[in-house]
Number of protein chains: 2
Amino acid sequence: MTNIKDIAKMAGVSVTTVSRVLNHHPYVSKEKEAAVRKAIEEGNYQRNINAVHLSKGKTQLVGVVVPFLNHPYFGMLVEGIANEAVAHNFKLVLIQTNYQENREIEALHMLKLKQIDALIICSRSCEWEIVEDYISYGPIAVCEEAGGRSISSTYIDHYKSFTKALTYLHQKGHVKIGYCLGRRSGDNSRQREGAYRDFMKKLNLPQVQGYIFHDCFNLEDGEKVVQELIRMEDPPTALLVSSDQVAAGILACCNDKSIGVPDKLALMGFDNQPISRMMNITTLHIPLKEIGRKLFLQAINANEVSHEEMSVTLIERLSV
Amino acid sequence: MTNIKDIAKMAGVSVTTVSRVLNHHPYVSKEKEAAVRKAIEEGNYQRNINAVHLSKGKTQLVGVVVPFLNHPYFGMLVEGIANEAVAHNFKLVLIQTNYQENREIEALHMLKLKQIDALIICSRSCEWEIVEDYISYGPIAVCEEAGGRSISSTYIDHYKSFTKALTYLHQKGHVKIGYCLGRRSGDNSRQREGAYRDFMKKLNLPQVQGYIFHDCFNLEDGEKVVQELIRMEDPPTALLVSSDQVAAGILACCNDKSIGVPDKLALMGFDNQPISRMMNITTLHIPLKEIGRKLFLQAINANEVSHEEMSVTLIERLSV
DNA sequence: TCTTGCTATGAAATGCGTTTCATAAATTAT
DNA sequence: ATAATTTATGAAACGCATTTCATAGCAAGA
């Protein structure tokens, strides 16, 4: 393999000049540039990218932390990130955590080691303090509110969104309202729980523990929920489901069991995934691709920390 | 930032010895090792990973080429790859191509530049010849039959699978059978088309051009198909759909329009995605995660090229 | 005419860890 | 007791491109 030195020799110039040509730096005469290009051609020269990385201390790589991939939510989000990455000539390094904290720390570590130039955390598992320990090593962007912290964020306000959805359900006459969340921990869940508690309290509606479901991620989890609902003697009349996937699962199961939606049970989804459109599930649209795009831009912008709230839109369909 | 030289000085040894400790090489006395470890601790030393990469010519990175991510097929496949990658201490570099050939070539180029140690192509767009040009730079694994070529592969035989499905449909009494595929190009599609042609011809069944649909990837595409079906005066009675997503879309649309499934239209899906289970779609199970896992193992095994065919299983549900 | 200031170019320093080679000392084998 | 290994350790080479610094020539401005 030829290296820059060989090329320099072949072209009769210094390595500096070759480097200049390679990097489109000014101050190279046309003749020398031509000679260098010819040598590159003839020597079939390929820059050793790892040497470039070492030298520059940059890798044009951005880490993306996701708990898992085979879920439309993250699929869309990463799609948005990936599209923007291409446009900026960056590659993505995928770090699948399955919500394991140590995997997330590993990702942060990669930032420290400069294996990646920046890190996007789509769903955080470890403490803020730990993340903050790494901000000096490179930009970090998260998909949740990080106001006040030196970490860029593009997020939606889950408290507001949840309140919006609850208001809508209430307006539609529902009083016995329950909800389904993904993982129990995490700020997002806490925000949502808070919104629920506050809302129900304010309007003096019953807060039933049994109306609350956790660990709902996929279609299959919807079945689980319906099975529990059936067993209740006084089930909720409306369910706010933090993922369209789960809502779709619930709906399908209801159809199976001839539970009328929305008459017997109203369903409000989240995300506005294709499936919700197809199954006519009323949902809150979240601009995931757009969020992904913004996250990427924040991640590669080492100069400033920014916080961007994205708004959600209620999409009325037929499940409420 | 302290580097290996600093550590060597601090511990009163040579950089070689530090490197030995770092890499768990033998022939280091207990005392020196302890001194080195202490220095590493005190100096808060972090190996410069880019220097390691340069020196070793390896990056512990495997590239993964996918056309897009927000599709359960690729989501699952990559999930399988990612799980195995974690187990082997590799990271994945995602290359989203949107089926653009040049993006795929870029990925191959990364292999050449040693930015990645191996490449997994989940869905190939460019010519075999181009891919083969790169095999000397590192292992490549593909998710399609590559028999005879020096490229590892884990795949399912689409000809066989399609034939299996067609046979099943025919056994169930269907004669007017159509099918839906993703992209028109690609070996997989060609295999399927071939299977269809051969099967229909052999049994002397009608091959109607209008029964064939292309560019079906997502739920939404199902709608499109149904709309066309409605317009036909002599529509097919069964459809073999190369993705459960699309099958689900079709089914949902049929439900909407009160087209009885399977009475009016039988649907046979592909992949055995969660959605097919939920919607009771008869499908062919493809062990995607398993395929992903094998692909990864093939990719990091630089010593031998292997070809592994995975079998599909027909899952009888209620849509046929 | 003299001073700036730009253009052009290369030597050398910088980023940093791994690995080969050489050597010395300590064992083990013969 | 001598030869053959094994253990231990470091210097130097190797992987390679970028960037700073120094220098020289030439053109434009004062």
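Letters A, B, ... mirror the listed sequences (proteins, then strands); counts begin at 1.
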Rounded off to whole Å, could you give me the CD1-to-P distance for the B:Ile49 and C:dG15 pair? 19 Å

B:Asn23 side chain N/O closer than 4.0 Å to the phosphate oxygens (OP1, OP2) of C:dT18? yes

Nearest of C:dG15, D:dA12, D:dC16 to any side-chain atom of A:Asn3? D:dC16

When you measure from the side-chain N and O atoms of B:His25 to the phosphate of C:dT19, is any distance below 4.0 Å, counting only OP1 and OP2? yes

Do the side chains of B:Arg37 and B:Glu41 get close enough for a salt bridge, i.e. N-O under 4.0 angstrom? no

Distance check: side-chain N/O of B:Arg47 vs OP1/OP2 of C:dT18, anything under 4.0 Å? yes

Taking for B:Leu54 and for B:Thr16 the nucleotide of DNA chain D with the nearest heavy atom, the one nearer the 5' end belongs to B:Thr16

Rounded to whole Å, please give me the gap between NE2 in A:His53 and C1' in D:dG15. 14 Å

If you look at every strand shown and take non-hydrogen atoms under 4.0 Å, does A:Val18 touch a base, only sugar-phosphate, or nothing? nothing

Can you check the B:Lys56 NZ to D:dG15 C1' distance for me, whole Å? 13 Å

Looking at B:Ser19, does any N or O in its side chain come under 4.0 Å of the phosphate oxygens OP1/OP2 on C:dT18? yes

Side-chain N or O of A:Tyr27 versus OP1/OP2 of C:dT7: is the shortest distance under 4.0 Å? yes

Minimum-distance nucleotide (side-chain atoms of A:Val52 versus C:dG17, C:dT9, D:dT18): D:dT18

Would the B:Phe217 and B:His71 ring centres measure less than 6.0 Å apart? no

Residue mapping more 5' on DNA chain C - nearest nucleotide basis, B:Arg20 or B:Gln46: B:Gln46

Phosphate contact (D:dA17 OP1 or OP2) by A:Tyr45 side-chain N/O below 4.0 Å: yes

Considering residues, nucleotides and ligands other than B:Glu129, do more than 12 of their heavy atoms fall under 6.0 Å from its CD? yes

Considering just the side-chain nitrogens and oxygens of B:Ser14, establish if one lies under 4.0 Å of OP1 or OP2 belonging to D:dG10. yes

Within the structure, does a side-chain N or O atom of A:Lys32 lie under 4.0 Å from either OP1 or OP2 of C:dG10? yes

Separation of A:Leu22 atom CG from D:dC16 atom C1', in whole Å? 11 Å

Keeping the roles fixed (side chain from A:Asn301, backbone from A:Leu297), state whether a donor-acceptor pair exists under 3.5 Å. no

More than 12 non-hydrogen atoms from neighbouring residues, nucleotides or ligands closer than 6.0 Å to NZ on A:Lys112, yes or no? yes

Round to a whole Å and report the spacing from NZ of B:Lys5 to P of D:dA13. 14 Å

Whether B:His88 and B:Phe296 hold their rings parallel, tilted or perpendicular, with breakpoints at 30° and 60°: tilted

Write down the distance between CD1 (B:Ile4) and P (D:dG10), rounded to a whole number of angstrom. 12 Å

Give the rounded distance in Å between these two atoms: NZ of B:Lys30 and P of D:dT9. 11 Å

Using a cut-off of strictly less than 4.0 Å, decide whether A:Ser29 has a side-chain nitrogen or oxygen near OP1 or OP2 of C:dT7. no

Let me know the distance between CD1 of A:Ile7 and P of D:dT18, rounded to the nearest Å. 13 Å

